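In this text, all values refer to a predicted model and were calculated from it rather than measured experimentally. All residue numbers in this chain count up from 1 along the given sequence.
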Amino acid sequence: MPTKPHLTPISSVISPGPSSLGTALTPADELAAVLQGLPAPLAALTPDRFEKMPQCTHAYQAGITLLGKTAAAYLYWPNPGKPQAPVIAVVGPDKLTADALFGVGAALDVGLSQPVLFWMKQGGQLARAVMPRNLQRRMETLGMPGVVATEPGFNLFGRIASGFVADVLKPAPVQLDPNNLFVGVAKSAQGYAISLSLGVGTSWQNPFDLADTTIRGATVRLVRDNTDQTVEAWGTATLRAQKDVTLYVKRVGVDELSLGFDLSDATLEDFFLVLGVASKSLHLPDLPAPSGLPLKLVTLENPVYQSRPDASAPPDFATMMFKGTRKVAGVGELIANARGKVFQQPVAAIALQASDSGVKGVADVSVSLGLLAATSARFYLDVSLGDAPRMGLTASTVFGKLDLKAGGAGLQLSVPPQCPLQPWGLSATLTDLSLAEPPIAFQWKNCATGVIEDGVNLVVEGGQIVRKVGQQAAGAADTVIGAATQTAGEVGKDVGGAVGDAGKAVGDAGKAAGGAVGGIGKTIGKKFHL
């Protein structure tokens, strides 16, 4: 890194030239305070050299010499309410190198065509829309975005003509049209900052080893100091020709990497899409989306999504929906920063993580599950190398802890009857957990005959659990299976008719183990304060 003072090279190439723009139209004392304390190369631009530009309330122009050639200097105020924050722009010769102005040396040199040199006492945002019209047209021709970031002092802008810019993004190869790149070079607190903006119609294929990814309308910023270089890039990217996202990349050195993929809404399927394009960059296993799981029934939302981030600065990585990081050590991770819905049931947060061991996800879900009366539930996702993918919902209910495993259509609930301790069974396919009464079908098995009655409905009525069998009830509309106030043994005494033998078996089993229907009846009775 050069150690010579930043202004020395500039003072040797800029000198005041003859004023060919006419006699100044403004009294000298109007500009004296503004121009006081300018750096040496611009100090010769005294108030008497400027004339007010026609149809511009807060803009002046003057003649100047840059590298021995006549140039035009513009003095204007981006914000008229801040008279001490002017901008001076010098429209230079056809070509100029960063080394000629900044003394960056050959390793960091960038050649520019149609260069424009800006001086700002304070860095910040440089907006094209508030420039004098002549200067604005020049910047439009160069392909300047609406707003660019600047450093305090001198900032050089133009189209790339030569230099190392195509190499700074290695190890990812860069194939960009140099005629459609807007480039800026400035001295920063860290060393030197170089930025590129891709013009409209210019796309960058597979940046930073991202597979099947095209970024367009991108801004790239490089900051290089004595020890390392940091590269940032952001813009709109298309992933595998399927999904548009706001992409953010930050690479420190050659190993440390941050990747952000932001969008307002997504599904679990999109998480696997992002993993697929970023796995090489993050050194993660490429796990395709499991085709047998209903990934689209788990949706993600980013409430702080910015649809049009300011072009002068990158998006806020901390608030992006999908965030990938890789430290110098090697293997990285990809996580989700989102709330969302699990099978239509809103959840405050969904924790997703892809690591070298696979993809895991969890979320706390509040569900009722109707008669099952769930007291707690948790969504889970587990996709790893070599093992069958798992996804579902575990729920603690009055019938015990149930595992609703996800299949192609939704969550599958299947608890077959098992005699003698569990003569009842449950089955359902759930796609909407927000329903107060989900479509759960009950079964009852006559443990004496082995006959299974489908469509049995267990309800709580008058302190009793009642099995409604309709016309199958052998002359009775309701057959009492158990009451919350009765013991398991007494239940068997009350069961009669076609299921008398089964009732006795259930009653006897209930005495030996609390899992019989009578015991369940007590549990449900207590749950509903019966």
Side-chain angles (χ1 to χ4, degrees), residues 292-294 297-298 341-347 363-380 390-419 421-447 451-473 477-484 491 495 499 502 506 514-530:
L293 299 181
L297 292 180
V298 178
K341 292 182 179 180
V342 174
F343 295 85
Q344 301 301 317
Q345 178 63 44
V347 295
D364 291 324
V365 185
S366 175
V367 294
S368 65
L369 295 182
L371 178 64
L372 297 183
T375 56
S376 65
R378 170 162 276 210
F379 165 78
Y380 66 86
R390 297 173 54 251
M391 174 176 157
L393 189 79
T394 58
S396 297
T397 74
V398 293
F399 282 88
K401 189 171 184 179
L402 302 178
D403 187 359
L404 287 71
K405 297 178 181 179
L411 292 173
Q412 307 299 317
L413 173 61
S414 178
V415 182
Q418 295 181 2
C419 288
L421 298 181
Q422 184 184 298
W424 52 268
L426 311 169
S427 64
T429 297
L430 305 177
T431 58
D432 189 348
L433 294 178
S434 65
L435 297 176
E437 293 296 332
I440 299 176
F442 290 82
Q443 295 175 326
W444 176 263
K445 185 174 183 178
N446 186 326
C447 291
V451 175
I452 296 179
E453 298 175 357
D454 295 320
V456 175
N457 184 24
L458 297 182
V459 297
V460 177
E461 290 182 357
Q464 298 176 326
I465 299 177
V466 179
R467 179 171 64 93
K468 294 185 176 180
V469 296
Q471 295 180 354
Q472 301 178 14
D478 297 336
T479 300
V480 176
I481 295 177
V491 172
V495 178
V499 295
V506 170
V517 174
I520 295 172
K522 289 184 178 181
T523 304
I524 294 182
K526 293 177 181 178
K527 174 70 178 179
F528 289 92
H529 307 291
L530 298 176

(message) Using every non-hydrogen atom in the two residues, find where Pro294 and Gly408 come nearest and quote the distance to one decimal.
(response) CB-O, 3.8 Å

(message) Would you compute the distance between atom CG of Leu372 and atom CG of Leu413 and round it to the nearest 0.5 angstrom?
(response) 6.5 Å

(request) Output all residues satisfying side chain to side chain donor-acceptor pair (under 3.5 Å) with Thr429, sequence neighbours left out; order by chain, then residue number. (result) Gln412

(request) Nearest 0.5 Å please: distance from the CG atom of Leu411 over to the OG1 atom of Thr431. (result) 8.5 Å

(message) I need the Thr397 OG1 to Leu404 CG distance, nearest 0.5 Å.
(response) 9.5 Å

(message) Out of the candidates Leu297, Val347, Leu393, only one should pair with Leu433 under the side-chain contact (heavy atoms from CB on, under 4.5 Å) rule; please name it.
(response) Leu393

(request) Grab the two heavy atoms, one from Leu293 and one from Ala406, that are nearest each other, plus how far apart they are. (result) CD2-O, 3.8 Å

(message) Whether the side chain of Gln418 engages the backbone of Pro423 through a donor-acceptor N/O pair (distance < 3.5 Å, no angle test) should be reported.
(response) no

(message) Could you walk me through whether Leu402 and Val415 satisfy the side-chain contact (heavy atoms from CB on, under 4.5 Å) test, starting with their C-alpha distance in whole Å, then the side-chain angles of each, then the deciding distance to 0.1 Å, before giving a yes or no?
(response) CA-CA 9 Å; Leu402 302 178; Val415 182; 4.0 Å; yes

(message) Holding to side chain to side chain donor-acceptor pair (under 3.5 Å), I want the full list of residues that pass it with Arg378, two or more places apart in sequence or in another chain.
(response) Asp364

(message) I need the Leu435 CG to Gln345 CD distance, nearest 0.5 Å.
(response) 9.5 Å

(request) Identify the heavy atoms of Leu371 and Glu437 that sit nearest to each other, and give their distance. (result) N-OE1, 4.3 Å

(message) Applying side chain to side chain donor-acceptor pair (under 3.5 Å), can you list everything that pairs with Ser434, at least two apart in sequence or on another chain?
(response) Asp432

(request) Identify the heavy atoms of Pro438 and Gly370 that sit nearest to each other, and give their distance. (result) CD-N, 3.5 Å

(request) Kindly compute the distance separating OH (Tyr380) from CE (Met391), expressed to the nearest 0.5 Å. (result) 9.5 Å

(message) One pair to check against side-chain contact (heavy atoms from CB on, under 4.5 Å): Phe379 and Val298. What are the steps and the verdict?
(response) CA-CA 10 Å; Phe379 165 78; Val298 178; 4.0 Å; yes

(message) Whether the side chain of Thr375 engages the backbone of Ser396 through a donor-acceptor N/O pair (distance < 3.5 Å, no angle test) should be reported.
(response) yes

